[in-house]
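The structure under discussion appears below in the form of structure tokens.
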Amino acid sequence: MNRQGNVATAMPMGAMQPGAAPSGANNASISNNNAGGPPGGAPVPPGAGDGGSGPHALDDPNVYHWICQLTYGPQKEQALLELGRKREQFDDLAVVLWSSFGVMTALLNEIVAVYPMLEPSRLSNQLSNRVCNALVLLQCVASHPDTKHLFLQAHIPLFLFPFLNTTSKQRTFEYLRLTSLGVIGALVKNDSQDVISFLLRTDIVPLCLRIMQSSSELSKTVAIFILQKILLDDVGLGYICATVERFYAVTNVLKEMVEHLAVSPPPGRLLKHIIRCYLRLSDDLEARRLLRSALPEKLRDNTFTTVLADDVGSKRCLAQLLLTLNDEAQQTQQQQQQQ
Ligand code: TRP
């Protein structure tokens, strides 16, 4: 792999032997150091890190310790938690996780081990938390520009589908779905075509649709965010508008959400995403034609006027959507009159 060079410099395990690490007394200054640069007075091993400007994960001896624990045990569960806590602190944690021997395998093991437990009576809080901590680390790898594509090439998102496919409303399952969606959300965040093309080869759209229908508010928001990102991509829009069945599968769920939001204020971020999904659908000519009758009435009347009062962006999107559909309606009428 052509990234090997990077990886080698990012993982100078030898430089981080416990003996070379700063003493425990220095740990406080390490964790208090958020400003970037080397922690207070601690020697920085030459070549450590990947040349980025923030603090490097491997300058923190605890990171090395928890990576070893995660790979070899016995404190795997605590290692998942502790490394998850470090992800905000170090920009390069994703690179370290990806390139450290055995770490990805350990994370995938955590995930696969839970598959047989995906029944409400078997999935304990502790187990759900544990696997969610593993997912948080996968999300870290999925978000980083240097590891995202490797993560995708290794088809790791497929490991999340059994979790996305669950339907139990139990909190443990909600948490699992939300965290798994977070990984996919991180992948689609900075639009890249390869991510979308990969996802379109999976069943992500029907899974998102089901979550948008029946999961918690938070999961619904991440699921519709993913759908919106797919729609914004030209291939994604083409995929959804390729058949009438797909178009209606999507718009029926959007419509259901609108109906629900109309009676359960406040709609929060969901409405914003819904409007943008409709607007993007209207870029496809056939979808535009069908939307004239498929758009929920509640988006045409004043149901959401007050809700949208301080969201200029969404108000504009809605106005543009209605205008586009209206223009189309007038044109069709004119054509019919001419015939
Ligand atoms: N294999 C199904 C299809 O190609 C996947 C699917 C089910 C789907 N429901 C969908 C795709 C809704 C897009 C929208 O149609």
Side-chain angles (χ1 to χ4, degrees), residues 115 118 142 152 155-169 173-174 176-178 180-189 191-261 269-296 298-299 317 321 324-325 328:
Y115 291 165
L118 291 178
L152 199 65
H155 292 190
I156 295 177
L158 297 181
F159 282 85
L160 309 177
F161 281 78
F163 300 152
L164 295 174
N165 219 349
T166 59
T167 51
S168 166
K169 288 195 184 300
F173 283 85
E174 282 286 359
L176 210 52
R177 279 195 296 273
L178 178 61
S180 304
L181 283 171
V183 181
I184 311 274
L187 276 176
V188 298
K189 200 164 186 175
D191 324 60
S192 49
Q193 267 185 334
D194 61 340
V195 173
I196 304 292
S197 321
F198 173 84
L199 290 177
L200 293 182
R201 281 183 263 126
T202 70
D203 263 344
I204 193 71
V205 174
L207 284 176
C208 280
L209 292 178
R210 194 167 67 196
I211 291 169
M212 283 157 58
Q213 275 177 302
S214 56
S215 265
S216 67
E217 177 95 2
L218 221 47
S219 295
K220 283 181 183 177
T221 310
V222 187
I224 196 170
F225 170 78
I226 296 168
L227 178 70
Q228 190 187 331
K229 286 293 187 181
I230 291 175
L231 282 170
L232 285 175
D233 182 271
D234 287 344
V235 180
L237 180 65
Y239 167 89
I240 298 222
C241 299
T243 68
V244 177
E245 287 77 15
R246 288 181 185 178
F247 170 83
Y248 279 116
V250 171
T251 51
N252 284 342
V253 173
L254 291 176
K255 192 175 199 163
E256 218 176 279
M257 289 174 94
V258 170
E259 307 284 331
H260 182 70
L261 290 181
R269 281 185 295 168
L270 278 175
L271 185 62
K272 189 182 155 108
H273 290 293
I274 294 172
I275 291 173
R276 283 168 176 77
C277 284
Y278 276 123
L279 179 60
R280 175 59 178 160
L281 279 169
S282 74
D283 285 341
D284 181 280
L285 290 180
E286 178 63 8
R288 189 183 298 178
R289 193 180 65 79
L290 296 175
L291 270 180
R292 280 173 36 221
S293 50
L295 192 75
K298 296 242 165 25
L299 285 181
C317 287
L321 170 68
T324 308
L325 299 185
E328 188 79 359

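In listed order, ligands and their atoms are each counted from 1.
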request  = Could you list which atoms of ligand 1 come closer than 4.0 Å to a heavy atom of A249?
outcome  = 12 (C)

task = Output the list of atoms in ligand 1 that are nearer than 4.0 Å to some heavy atom of V205, sorted by atom number.
result =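 Within the 4.0 Å cut-off of V205, ligand 1 contributes 13 (C), 14 (C).
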
ask   = Which one holds for D203 and ligand 1: side chain close, backbone close, both close, or neither close, with close meaning a heavy atom under 4.0 Å?
value = side chain

query = Any side-chain heavy atom of Y278 within less than 4.5 Å of one from K255?
reply = yes

message = Could you check whether any side-chain heavy atom of L176 comes within less than 4.5 Å of a side-chain heavy atom of T166, counting everything from C-beta outward?
response =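 They are not in side-chain contact.
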
query = Under 4.0 angstrom from atom 2 (C) of ligand 1, is there any protein heavy atom?
reply =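 So far as the 4.0 Å threshold goes, atom 2 (C) of ligand 1 is out of reach of every protein heavy atom.
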
query = Which protein heavy atom lies closest to atom 6 (C) of ligand 1, and at what distance to 0.1 Å?
reply =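 Heavy-atom neighbour on the protein nearest atom 6 (C) of ligand 1: P206 CG, 3.6 Å.
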
message = Checking a contact table here: which protein heavy atom is nearest atom 15 (O) of ligand 1, and how many Å away?
response = R246 NE, 3.1 Å

ask   = Just checking, is any N or O donor in the side chain of T167 or R210 under 3.5 Å from an acceptor N or O on the other one?
value =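 The answer is no; no qualifying pair exists.
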
Presence of salt bridge, D284 and R289, under 4.0 angstrom = no

query = In terms of side-chain geometry, is the basic nitrogen of E174 or R177 positioned less than 4.0 Å from the acidic oxygen of its partner?
reply =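 Salt bridge between E174 and R177, a charged N being under 4.0 Å from a carboxylate O: yes.
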
ask   = Once the angle between the rings of F225 and H273 is folded into 0 to 90°, is it parallel (under 30°), tilted (30 to 60°) or perpendicular (over 60°)?
value = perpendicular

ask   = Looking at ligand 1, does Y239 have a heavy atom less than 4.0 Å from it?
value =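 Under 4.0 Å: yes for Y239.
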
